[in-house]
Undergrad: 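Once you've had a glance at the structure underneath, I'll fire off some questions.
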Amino acid sequence: MAEAAVKKSPGRGRFITFEGGEGSGKSTQIKTLAERLGAAKLRAIVTREPGGSPGAEIIRHLVLSGMGKLLGPDAETLLFAAARDDHVRTVIEPALNQGIWVLCDRFSDSTRVYQGRLGKVAPEFLNAMERVTIGDLKPDLTIILDVPVEVGMQRAAARRGTRAPDRFEAEDIRFHQDLRDAYRQIAAAEPERCVLIDANADAGTVAANVWAALRDRLFAAGSNVVSA
Ligand code: TYD
């Protein structure tokens, strides 16, 4: 049975978050990983933040429209927190408790980086929000996709086509450089949870590195999942 080969409490699903700046390729990599876990007979869902549950998707619409920006950084952070609270309670925790793996496109590191570093929201405020929304729910693994800002912005613009940039895409290049630095600092500060992966490579190479991170961190030695 595949789950028997997973390290630590095999009954519970694993929680994997993907982080990175604009155009870092998170959605492509999450999709590939979900397919690979499926092929290894592990049940997995893909979800995202802000959003991922009906209530949180409504808040997503509000923040990405720029409405949160009008309220100021603290209130905008509260909107992200409200969305996360609903998402954790109604989607993430129930799935993990059923042994389902959860692959989440952005999570609390995004708040730390975007609102904390860039919006200058106080760490005590962010800590309080985390206690309320996620409690002890720490990701088992966080993949941080790292890409030079110019490359990421070009990819994001190509993907967007004629659509207008959203609230955060519209920020200047300096903002995106700070974002990248902040993610790299998180990866350096929490090496047991985070893996920084060079995303300035073809999607296949990045996917192989993501899989290697899971193999090293989450699967027991000799597991048949590894070669799946
Ligand atoms: P999205 O279209 O999902 O962007 P991406 O494809 O880059 O993941 O938009 C989500 C935006 O919201 C993204 O710019 C980051 C921002 N964000 C925050 O500022 N704080 C948060 O806590 C989260 C989860 C996202």
Side-chain angles (χ1 to χ4, degrees), residues 15-31 33 46-53 55-88 91-92 102-123 125-134 137-139 142-149 151-161 163-180 182-183 186 199 203 206:
F15 182 33
I16 304 175
T17 58
F18 281 73
E19 296 279 358
E22 315 294 322
S24 56
K26 291 181 283 90
S27 14
T28 307
Q29 292 304 325
I30 289 185
K31 190 165 165 282
L33 180 59
V46 173
T47 188
R48 69 171 180 186
E49 290 208 348
S53 62
E57 286 291 329
I58 295 171
I59 299 174
R60 175 187 175 87
H61 183 71
L62 276 179
V63 279
L64 294 190
S65 72
M67 153 78 181
K69 189 176 183 182
L70 296 176
L71 301 175
D74 285 356
E76 190 174 43
T77 302
L78 288 172
L79 288 175
F80 281 110
R84 181 159 303 132
D85 186 63
D86 190 61
H87 186 215
V88 167
V91 175
I92 299 177
V102 176
L103 312 183
C104 192
D105 188 340
R106 298 195 179 281
F107 195 60
S108 48
D109 293 310
S110 284
T111 311
R112 295 237 155 231
V113 168
Y114 282 77
Q115 281 66 53
R117 283 287 300 270
L118 307 176
K120 308 275 185 291
V121 173
F125 186 82
L126 295 176
N127 289 340
M129 287 303 98
E130 279 189 14
R131 270 199 305 282
V132 172
T133 56
I134 65 178
L137 178 70
K138 204 165 95 165
T142 295
I143 304 280
I144 300 179
L145 296 179
D146 181 56
V147 77
V149 169
V151 175
M153 288 183 85
Q154 268 168 21
R155 285 184 189 167
R159 183 184 59 186
R160 202 162 57 233
R163 177 177 67 75
D166 70 30
R167 151 85 176 92
F168 296 99
E169 288 167 343
E171 295 285 345
D172 64 17
I173 190 149
R174 171 79 218 184
F175 172 97
H176 293 283
Q177 188 59 54
D178 284 350
L179 201 70
R180 184 183 187 205
Y183 272 127
I186 289 177
V206 179

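One-based numbering, in listed order, for ligands and for the atoms of each. Hydrogens, waters and symmetry mates play no part in the numbers below; they use all other heavy atoms, side chains included. Not measured: the values here are computed from a predicted model.
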Undergrad: Check ring pair (Phe, Tyr, Trp, His ring centres under 6.0 Å) between Phe107 and all other residues, then give those that pass, not counting sequence neighbours.
TA: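 Ring pair (Phe, Tyr, Trp, His ring centres under 6.0 Å) check on Phe107 returns Phe15.
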
Undergrad: Is Arg48 salt-bridged to Glu57, cutoff N-O under 4.0 Å?
TA: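 Yes, this pair counts.
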
Undergrad: Quick test of your reading of the structure: of Arg84, Glu22, Arg159, whose heavy atom lies closest to atom 6 (O) of ligand 1?
TA: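 Closest candidate by heavy-atom distance is Arg159.
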
Undergrad: Any donor and acceptor pair, going by atom type alone, linking the side chain of Arg106 with main-chain N or O of Gly20 inside 3.5 Å?
TA: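 At least one qualifying donor-acceptor pair exists.
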
Undergrad: Pro50 and Val63: which non-hydrogen atoms are nearest, and at how many Å?
TA: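 Shortest heavy-atom separation between Pro50 and Val63 comes out as CG-CG2, 4.0 Å.
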
Undergrad: Against heavy atoms of Glu49, which atoms of ligand 1 measure under 4.0 Å?
TA: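 Counting from 1, the qualifying ligand atoms are 24 (C).
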
Undergrad: If the contact criterion is a heavy-atom separation under 4.0 Å, does Arg112 count as touching ligand 1?
TA: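 Judged by the 4.0 Å heavy-atom criterion, Arg112 does not count as contacting ligand 1.
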
Undergrad: Starting from atom 22 (O) of ligand 1, locate the nearest protein heavy atom and write down its residue, its atom name and how far away it is, to 0.1 Å.
TA: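 Of every protein heavy atom, Thr111 OG1, 2.6 Å lies nearest to atom 22 (O) of ligand 1.
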
Undergrad: Check Glu169 against ligand 1 and report side chain, backbone, both or neither, counting heavy atoms closer than 4.0 Å.
TA: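 None of Glu169 does.
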
Undergrad: Among all the protein's non-hydrogen atoms, which is closest to atom 5 (P) of ligand 1, and how far away is it?
TA: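 Of every protein heavy atom, Lys26 NZ, 3.6 Å lies nearest to atom 5 (P) of ligand 1.
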
Undergrad: Not counting sequence neighbours, which residues clear side-chain hydrogen bond (donor to acceptor under 3.5 Å, both in side chains) with Thr77? List them please.
TA: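 In terms of side-chain hydrogen bond (donor to acceptor under 3.5 Å, both in side chains), with neighbours along the sequence ignored, Thr77 is linked to no residue.
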
Undergrad: Tell me the nearest of Arg60, Arg48, Arg106 to atom 1 (P) of ligand 1, using heavy-atom distances.
TA: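 Going through Arg60, Arg48, Arg106 one by one, Arg60 has the nearest heavy atom to atom 1 (P) of ligand 1.
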
Undergrad: Around atom 19 (O) of ligand 1, find the nearest protein heavy atom and jot down its residue, atom name and distance.
TA: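 Of every protein heavy atom, Gln115 NE2, 2.9 Å lies nearest to atom 19 (O) of ligand 1.
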
Undergrad: Between Arg112 and Glu19, is there a salt bridge with N-O shorter than 4.0 Å?
TA: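 Not counted as a salt bridge, because no side-chain N and carboxylate O are separated by less than 4.0 Å.
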
Undergrad: Report the part of Leu64 in contact with ligand 1, treating N, CA, C, O as backbone and CB onward as side chain, heavy atoms under 4.0 Å; options are side chain, backbone, both, neither.
TA: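 For Leu64, the contact with ligand 1 is made by the side chain alone.
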
Undergrad: With heavy atoms of Phe168 as the reference, note each atom of ligand 1 found under 4.0 Å away.
TA: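 Result: 11 (C), 12 (O), 14 (O), 16 (C), 19 (O).
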
